[in-house]
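Beneath this line is the structure, given in structure tokens, with notes to follow.
Every heavy atom of this structure was used, including side-chain atoms; hydrogens, water molecules and symmetry mates were not. One-based numbering along the sequence shown. Whatever order the structure lists them in is the order used to number ligands and atoms, beginning at 1.
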Amino acid sequence: VFRLRCAASGVAAHSLWLGPGALDRLPAVWRPTWRVAALVADRTALRLHGAAVLRRLRACAGGVRVYEVPPGERSKSVATWLRLADRMLDDRIDRAACLVAFGGGVTLDLAGFLAATYLRGLDHLLLPTTLLAIVDASIGGKTALNRPAGKNLIGAFRFPVAVLSDTALLDTLPPRAWCGGLAEVVKHAVVGDAELFRRLERAGGELRRPGSLDLALLARAVRVKLEVVARDPFERGRRSVLNFGHTVGHALEAATGHRVPHGAAVAAGMAVEAEVAVERVGLPAADRDRLVALLETLGLPTRSGIPFDRLGPHLEVDKKRRDGAIRLSLPTRLGRMAGARTGWTVAVDRAALRRAWERRAAAPGRAR
Ligand SMILES: NC(=O)c1ccc[n+]([C@@H]2O[C@H](COP(=O)([O-])OP(=O)(O)OC[C@H]3O[C@@H](n4cnc5c(N)ncnc54)[C@H](O)[C@@H]3O)[C@@H](O)[C@H]2O)c1
Ligand SMILES: [Zn+2]
């Protein structure tokens with residue numbers, strides 16, 4: 001089990017424990033002032049691994065209340081947030097409680113927003129149970145709810161007291177959810193670790209098996225995000241590089257009513273945005289081809305069959321937009337993003353984005 005440090009200016013430093021058995025660190029991070037645990041848990045994660053968590057929580061807290069979250073992106077809603085908050089109020093959960101989030105990115109984003117807003121703020125712990133949540137959603141303090149207009153449009157920054165990323169929980173992930181997490185691992189390699197990218201290429205199709213990612217590689221992917229967040233926790237600039245693939249990815253998710261799950265949408269989004277990067281910031285075509293090949297080896301989509309016009313309204317609400325222009329975070333080569341000179345994001349006109357989308361759509365490969 002690795003212990004990584006999450007620190008940034010304006011944020012209380014906290015630990016992230018990563019590896020099989022990380023849940024055993026619960027007593028080490030539990031504060032004696034927390035009398036009650038409010039466990040906000042994905043229903044599936046609870047069914048598969050709840051006993052292990054509840055046993056450990058009961059050893060630390062005087063009482064444990066369980067708040068189940070139905071699996072699926074639709075739970076990241078104002079309605080679910082309100083229902084859970086009202087139930088916690090009924091249960092008289094007060095500030096002497098710790099909110100413990102247990103599940104994938106959906107549960108962590110929802111529970112994090114609850115922690116940010118309930119009684120104006122409650123301490124919380126993050127216990128991610130999916131690859132995507134370990135490598136991405138549990139790091140960096142972003143919490144969010146979706147609206148029909150788009151993803152993550154309501155939210156807050158709220159950093160946890162600690163993160164326990166127990167990789168032993170990943171063995172039960174269905175292949176689709178596992179591969180979705182691999183998309184964010186690849187994203188982190190492109191954003192900041194060319195050597196990680198090479199190692200992923202070397203491991204190849206082996207990685208498709210849930211639980212097969214080497215802990216050392218996983219830790220490298222986690223470190224890319226930790227380092228970016230440490231330098232710009234509240235996304236004033238640099239942090240937006242982590243959005244590679246997400247402008248198009250989020251629009252694809254929203255346009256399909258989340259039938260394309262997050263990881264798959266980001267994979268297709270990266271393939272399209274890499275196409276733009278070749279045109280706009282000089283990404284070598286060979287690097288784009290390696291990215292597309294790796295995504296396909298990992299069983300991820302690299303294009304979509306839906307018409308570009310269906311993305312349109314959802315591109316309008318992207319949080320990176322400024323002065324009406326769509327802005328993308330683009331790589332200049334594998335492991336390196338367009339930087340401060342361009343303001344970390346590059347304005348791209350709709351026609352260029354349409355060209356890239358249609359070029360990908362016409363390419364051979366896996367579609368979503
Ligand atoms: N806050 C952030 O910085 C951030 C970063 C990346 C992604 N996200 C968000 O994360 C979400 C996607 O997260 P996700 O891919 O984890 O999806 P998810 O939370 O929907 O989980 C995927 C599926 O796996 C199931 N599951 C969870 N743990 C399991 C386990 N151990 N074994 C078997 N099944 C299990 C869940 O029930 C669900 O059906 C998106 O909403 C995305 O916007 C947030
Ligand atoms: Zn993502």
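- Shown here, atom 23 (C) of ligand 1 is out of close reach of the protein: none of its heavy atoms lies under 4.0 Å off.
- Here the closest non-hydrogen pair linking A221 and V185 is CB-CG1, 4.0 Å.
- Any N or O atom pair closer than 3.5 Å counts here, and L169 shares at least one such pair with ligand 1.
- Atoms of ligand 1 found under 4.0 Å from any heavy atom of L48 (numbered from 1 in listed order, with element): 32 (N), 33 (C).
- The one candidate from R43, R87, R47 that meets the salt bridge (charged side-chain N to carboxylate O under 4.0 Å, His left out) condition with E68 is R43.
- Judged by distance alone, the side chain of R56 and the main-chain N or O of A52 form a donor-acceptor pair under 3.5 Å.
- The nearest non-hydrogen atom to atom 42 (C) of ligand 1, considering only K151, R47, K142, H49, comes from K151.
- In summary, the atoms of ligand 1 found under 4.0 Å from a heavy atom of G104, numbered by their order in the structure, are 16 (O), 19 (O).
- Ion pairing between a basic and an acidic side chain is recognised when a charged N comes within 4.0 Å of a carboxylate O; D136 and K187 show such pairing.
- Which parts of ligand 1 touch L173 is read off a 4.0 Å heavy-atom cut-off, strictly below it: atoms 29 (C), 30 (C), 32 (N), 33 (C), 34 (N), 35 (C).
- Around atom 16 (O) of ligand 1, the closest heavy atom drawn from T130, V69, T44, L170 belongs to T130.
- With 3.5 Å as the limit, one finds a donor-acceptor pair spanning the side chains of H49 and T172.
- The line from NE2 of H262 to NZ of K76 is 7.5 Å long, rounded to the nearest 0.5 Å.
- The K225 neighbourhood of ligand 1 comprises atoms 3 (O), with distances under 4.0 Å to a heavy atom of that residue.
- Checked options L182, V186, D193; the residue passing with L200 is V186 (criterion: side-chain contact (heavy atoms from CB on, under 4.5 Å)).
- Contact record, R147 with V78: NH1-CG2, 3.8 Å, taken as the closest heavy-atom pair.
- Interface of E73 with ligand 1, defined as ligand atoms under 4.0 Å from a residue heavy atom, comprises 40 (C), 41 (O).
- Remark: among candidates A177, A265, P71, the nearest residue to atom 39 (O) of ligand 1 is P71, based on non-hydrogen atoms.
- Residue contact check: P174 has heavy atoms under 4.0 Å from atoms 33 (C), 34 (N) of ligand 1.
- Of all N/O/S atoms in E184, OE2 sits nearest the Zn ion (ligand 2).
- Evaluated by nearest non-hydrogen atom to atom 20 (O) of ligand 1, the leading choice among V106, T172, L131, L145 is V106.
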ring-ring contact (aromatic ring centres under 6.0 Å, His included) between F2 and W17: does it pass, once the steps are laid out? CA-CA 6 Å; F2 285 86; W17 296 88; over 10 Å; no
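- The aromatic rings of F234 and F159 stand perpendicular to each other, their planes meeting at an angle above 60°, with 30° marking the opposite boundary.
- Geometry about the Zn ion (ligand 2) gives an angle of 100° between NE2 of H246 and NE2 of H262, rounded in steps of 10 degrees.
- Side chains of S240 and E235: a donor-acceptor N/O pair is absent below 3.5 angstrom, by distance only.
- Of all the heavy atoms of L108, none lies under 4.0 Å from any atom of ligand 1, so neither backbone nor side chain is involved.
- Salt bridge annotation for E184-K225: absent, with no cationic side-chain nitrogen under 4.0 angstrom from a carboxylate oxygen.
- Between I134, L242, D42, L110, it is D42 that holds the heavy atom closest to atom 38 (C) of ligand 1.
- Here's the thing with E184: none of its N/O atoms is less than 3.5 angstrom from an N/O atom of ligand 1.
- Counting the atoms of ligand 1 from 1 in the order shown, those under 4.0 Å from a heavy atom of K76 are 9 (C), 40 (C), 41 (O), 42 (C), 43 (O).
- Listed by atom number, the atoms of ligand 1 under 4.0 Å from T129 heavy atoms are 27 (C), 28 (N), 29 (C), 30 (C), 31 (N).
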